[in-house]
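In what follows, chains carry the letters A, B, and so on, assigned in the order in which the sequence lines appear, proteins first and then strands, with residues in each chain numbered from 1.
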Amino acid sequence: MTERNEEYFKQFIGYEFGPDKYRIKGKNLSAYSAAIGDKNPKFYVEKKEGEEKPDYSKIVAHPAYAATYTIPGLLMQLSEVKDKDGNKLVKNIGKLLHTSQEYNYDGCDPLTPADRKVFTVGKIVDLFIKNEKLWVELLFTSTNADKTKTFCRTTIKGLLRKGGF
Amino acid sequence: MVEVGTHVLKIDGPVTRETIKNYAKASGDHNPIHVDDDFASKVGLNGVIAHGMLSFGYGAHHLNDFAEECNGQLINLGCEMRGMVRPGDWILTHITVKAINDDILEIEMIQNSKMPLKLEKDGKQIETFEALEKGWVSEKEQDLIKTEETENGTLTYREALVNKGWGKIRI
């Protein structure tokens, strides 16, 4: 196997992985908004007493909700990224530390319960070694199935500690 | 009127184990370091910590409210995660307009955790908090300990950076 120095890792820049599929439900959008203390009616539906099924159809996903449909699934898929010889980029995903994230909604469509599913693809944008850690920058793009709507572009930065790469 | 330097402070909390469980359920992130004290202690955390995205979620809530107050739209938000949040902590979110470029407000969002340690009145300790009992303030953080007068007495707490965030609002 090639020595896993910074040059070795550069081959993964541009690598695309996914898509990761995530189901959207109005009830879950509302519950998420409530969990972060936001009861803005744009994002949240108050369940009235005696009401069997509240109408969630008019709400949209909270700007923070993208964390649920991008980070967990795609980071797990990152652990399956391999080089041409079948060697995994990530040796131990438990060594991954998520350090920053950015959600870009400029030019994006609001995510509603009617969209039902979000498909997110990941791309490795940058990889470098500093202080014995492998620093990773990923771009996730979340769309509907036929890619006629884009819901969010997410940039995640993290690092793999020694033993993770 | 919004201008460079406009600042708002929003306070959430205290974060509780219930708050954290609700976030775990709503987000689908059931990592036991957030919900299982025994597990969290076994991996060296000395008790559960809140999801980083919970405090960031509070910030996103306030950023969006600020955007709506400006009749604008929040088009970008992000943060670097710098510290942990424990049960009992309050989250202080400072939103500051750093620049206005054409129709975009550039926002800085700093989030600190305020961790109560003890309450004293008339020289007597009348309440201690979990953070003090569990020793959640490290040696390195001793200079972050402060006091303030409250209606119940003198509160000693530690205030530390949790998230260094930002946002963009189109107005």
Report task. Report, as yes or no, whether the 6.0 Å neighbourhood of atom CZ on A:R161 holds more than 12 heavy atoms from other residues, nucleotides or ligands. Result -> yes
Query raised in the report: Quick one: what part of B:R170 sits under 4.5 Å from any heavy atom of chain A, side chain, backbone, both or neither?
Result: side chain
Requested in this report: Spell out the residues in residues 53-68 of chain A that have some non-hydrogen atom less than 4.5 Å away from a non-hydrogen atom of chain B, in order of number; otherwise answer 'none'.
Outcome: A:H62, A:P63, A:A64, A:A67, A:T68
Query raised in the report: If you group Ile, Leu, Val, Met, Phe, Trp and Tyr by side-chain heavy-atom gaps below 4.5 Å, do B:F56 and B:L74 land in one group?
Result: yes
Report summary line: To the nearest 0.5 Å, atom CG of B:N76 lies from atom CG of A:D106 at 8.0 Å
Report task. Check the pair A:E102 / B:W166 against side chain to side chain contact (heavy atoms under 4.5 Å, CB included), numbers first and verdict last. Result -> CA-CA 9 Å; A:E102 181 171 61; B:W166 59 87; 2.6 Å; yes
Report summary line: Between A:Y22 and B:S27 the two heavy atoms that sit nearest each other are OH-O, 4.4 Å
Query raised in the report: Are B:M84 and B:V43 connected in a single hydrophobic cluster, I mean Ile/Leu/Val/Met/Phe/Trp/Tyr linked by side-chain heavy atoms less than 4.5 Å apart?
Result: yes
**Report entry** Distance, nearest 0.5 Å, that separates OG1 of A:T99 from CE of B:M81
**Finding:** 9.0 Å
Query raised in the report: Quick one: CG on B:L77 to OH on A:Y103, what's the gap to the nearest 0.5 Å?
Result: 7.5 Å
Query raised in the report: B:F66 and A:Y105: same hydrophobic cluster, using ILVMFWY side-chain contacts below 4.5 Å?
Result: yes
Report summary line: Among residues 123-160 of chain A, those lying within the under-4.5 Å heavy-atom range of chain B are none
Requested in this report: Find out if a path of hydrophobic residues (ILVMFWY) with successive side-chain heavy-atom gaps under 4.5 Å connects B:V4 to B:V2.
Outcome: yes
Report task. Could you look at B:Y58 and say if it's the side chain, the backbone, both or neither that has a heavy atom under 4.5 Å from chain A? Result -> both
Query raised in the report: Between B:K164, B:K25, B:E68, which residue shows the highest count of heavy-atom pairs closer than 4.5 Å to chain A?
Result: B:E68
Query raised in the report: Measuring heavy-atom distances to chain A, does B:N64 have an atom under 4.5 Å in its side chain, in its backbone, in both, or in neither?
Result: side chain
Query raised in the report: Does B:K168 NZ have over 12 foreign heavy atoms under 6.0 Å away?
Result: no
Query raised in the report: In Å and rounded to the nearest 0.5 Å, what is the NE2 to CZ distance from B:H61 to A:F43?
Result: 9.0 Å
Report task. Would you mind telling me which of B:A24, B:G59, B:A60, B:S55 has the largest number of heavy-atom pairs within less than 4.5 Å of chain A? Result -> B:A60
**Report entry** Heavy-atom proximity to chain B below 4.5 Å, by part of A:Y69
**Finding:** neither
**Report entry** Closest heavy-atom pair and its distance - A:A31, B:A26
**Finding:** O-CB, 3.8 Å
Query raised in the report: In Å, rounded to the nearest 0.5 Å, how long is the span from CE of B:M53 to CD1 of A:I71?
Result: 5.0 Å
Query raised in the report: When clusters are formed by joining ILVMFWY residues with side-chain heavy atoms under 4.5 Å apart, either directly or through shared neighbours, do B:I91 and B:V8 land in the same one?
Result: yes
